[in-house]
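A quick write-up on the structure given underneath.
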There are 2 protein chains.
Amino acid sequence: MSENMGFVKGQGTKRKIVDASMELFAQHGYKGTSVRAIASSVGIKQSALYNHFANKEAIFMQIATEIFSTPFATKSDSALVEEQAKRGKAFLSKFANEIRLLAFDKRSEKLFRFMMIEIMQHAQLREQFRARFHDDNIEYLSTGLFAMMRANLIRSCDPMVMAEAFLAPLFYLRFNISLQKADEKPTANYSKQFEKHLDFFWDSIKRN
Amino acid sequence: MSENMGFVKGQGTKRKIVDASMELFAQHGYKGTSVRAIASSVGIKQSALYNHFANKEAIFMQIATEIFSTPFATKSDSALVEEQAKRGKAFLSKFANEIRLLAFDKRSEKLFRFMMIEIMQHAQLREQFRARFHDDNIEYLSTGLFAMMRANLIRSCDPMVMAEAFLAPLFYLRFNISLQKADEKPTANYSKQFEKHLDFFWDSIKRN
DNA sequence: AGCTTAGATTAACAGTTGTTCATATATACT
DNA sequence: AGTATATATGAACAACTGTTAATCTAAGCT
């Protein structure tokens, strides 16, 4: 009588449905993907889907919650953030690197595409984006940057503005990488741009 | 026998179709908008649409080309750009202001939403985004920034990296404004953020 | 062995989709 | 007045949509 979380029975069909849907939604969007297409991608008939999900939208919801379950920034208490921020550039480097890794991770890339396609049409996706991506990251970064100011590592300035100036190019880079991948164009060069951004940004704020 | 551009006959039904489609596409996406919905929004029956457009996709194409027909950055010969760039911060201010105005322009906002929804699914939209938005703006900005470096107004650095660091937050701001508007949330505060970004960026690069 | 149950199938449903066609109307040109 | 042209309509189409119901299958438990 153990909690099965819905993912232990049979051959993990539920997991397969989510994966297949993610792939298809990221390629053709929610409206552009039929339940028949999902079913045939899994290798079952459409009606069998309804043993695992109440309806098509329930699959959407499942994926929508997964998008932000992998935190973009590792949430940690502000005391720890301030400690790490003392290392200056390395703190920012670690952050940029995490986003870079996500940009080149296959699963994360699919989720990002899915989000980009659907975010304008689903209020709860927008809410999650604001809370989990924007707000959390801006808070994390501005806390760190503020600590650096107090330690006199960087010049004094509104930490929120600074945080956005650091975050936005990372987001823009990730967006462009997704565009490139959608056309199966090479993305190798983008990896360097993360470093270039970091170097430029650090030169922009460091005390000299 | 004058060129009518397809927009003079009758009561301008073709124009109405494009406007209605733009509105609906920006709200529900291409797949989520039926030709019946477009027709009823215009005030005609579905079959009448086919007197003006070969099919639904032709409407899409019409709108897709309109997105980038309003140039984000005023294209001008590089000699003129260099002249204007001598004014330093004012050059960047003018650019940021143009994007700010577009972000708060109703029609432009619809086009932006439409683009965001569909860009991942349409190669020609991605191509136009890269060419008309990214490349053109980066070239414009980096040309100006390079001129500023030679005039010793700003510190020396890779102009492309600098240009991206200036452009990305503007794009990110515009994206967030669109998200806010989709939820009918206030966007007044965002106007100041354009200025804050400009001030921070100028402090980051100016010679002191 | 018998019972329960998760998960698959086949078939069908009612509604919507983009598109076509034959037809009507009204305007503009000769 | 008569003809051509542009634009509207109503009806129909085949294909596809999400969802449901009845039925079968195979594994797990007692």
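Numbers restart at 1 for each chain; the letters A, B, ... are given by sequence-line order, proteins then strands.
- The CD1 atom of Ile38(B) sits 15 Å away from the C1' atom of dT16(C) (whole-angstrom rounding).
- Residues that satisfy the side-chain contact (heavy atoms from CB on, under 4.5 Å) test with Glu127(A), not counting sequence neighbours, are Arg130(A), Lys185(B).
- The distance between atom CD1 of Ile59(A) and atom C1' of dG18(D), rounded to the nearest whole Å, is 11 Å.
- Not counting sequence neighbours, the partners of Thr187(A) by the side-chain contact (heavy atoms from CB on, under 4.5 Å) test are Phe104(A), Ile177(A), Gln180(A), Lys181(A), Tyr190(A).
- Qualifying side-chain contact (heavy atoms from CB on, under 4.5 Å) partners for Ala90(A), counting only residues two or more places apart in sequence or in other chains: Arg87(A).
- Following rounding to the nearest Å, Glu57(A) (CD) and dT19(D) (C1') show an atom-to-atom distance of 14 Å.
- DNA chain C lies under 4.0 Å from at least one heavy atom of each of the following residues of residues 43-52 of chain A: Ile44(A), Lys45(A), Ser47(A), Ala48(A), Asn51(A), His52(A).
- Partners of Phe175(A) according to the ring pair (Phe, Tyr, Trp, His ring centres under 6.0 Å) rule, which considers only residues two or more places apart in sequence or in another chain, are Phe129(B), Phe171(B).
- In this structure Gln124(B) satisfies the side-chain contact (heavy atoms from CB on, under 4.5 Å) test together with Phe60(B), Met61(B), His122(B), sequence neighbours excluded.
- Rotation axes derived from the C1' atoms of the five outermost pairs at either end of the helix from dA1(C)-dT30(D) to dT30(C)-dA1(D) lie 10° apart, to the nearest 10°.
- In this view, His52(A) satisfies the side chain to side chain donor-acceptor pair (under 3.5 Å) rule with no residue, not counting sequence neighbours.
- Annotation: salt bridge (Lys or Arg N to Asp or Glu O under 4.0 Å) contacts involving residues 22-49 of chain B, sequence neighbours excluded, comprise Glu23(B)-Lys110(B).
- For residues 19-37 of chain A, proximity to DNA chain C is found at Arg36(A), defined as any non-hydrogen atom under 4.0 angstrom from a strand atom.
- The side chain to side chain donor-acceptor pair (under 3.5 Å) check on Arg126(B) picks up Asp183(A), with sequence neighbours excluded.
- In this structure, Lys14(A) is positioned above the aromatic face of Phe53(A), its NZ or CZ under 6.0 Å from the six-membered ring centre and within 45° of the axis.
- Partners of Phe194(B) under the ring pair (Phe, Tyr, Trp, His ring centres under 6.0 Å) rule, at least two apart in sequence or in another chain, do not exist in this structure.
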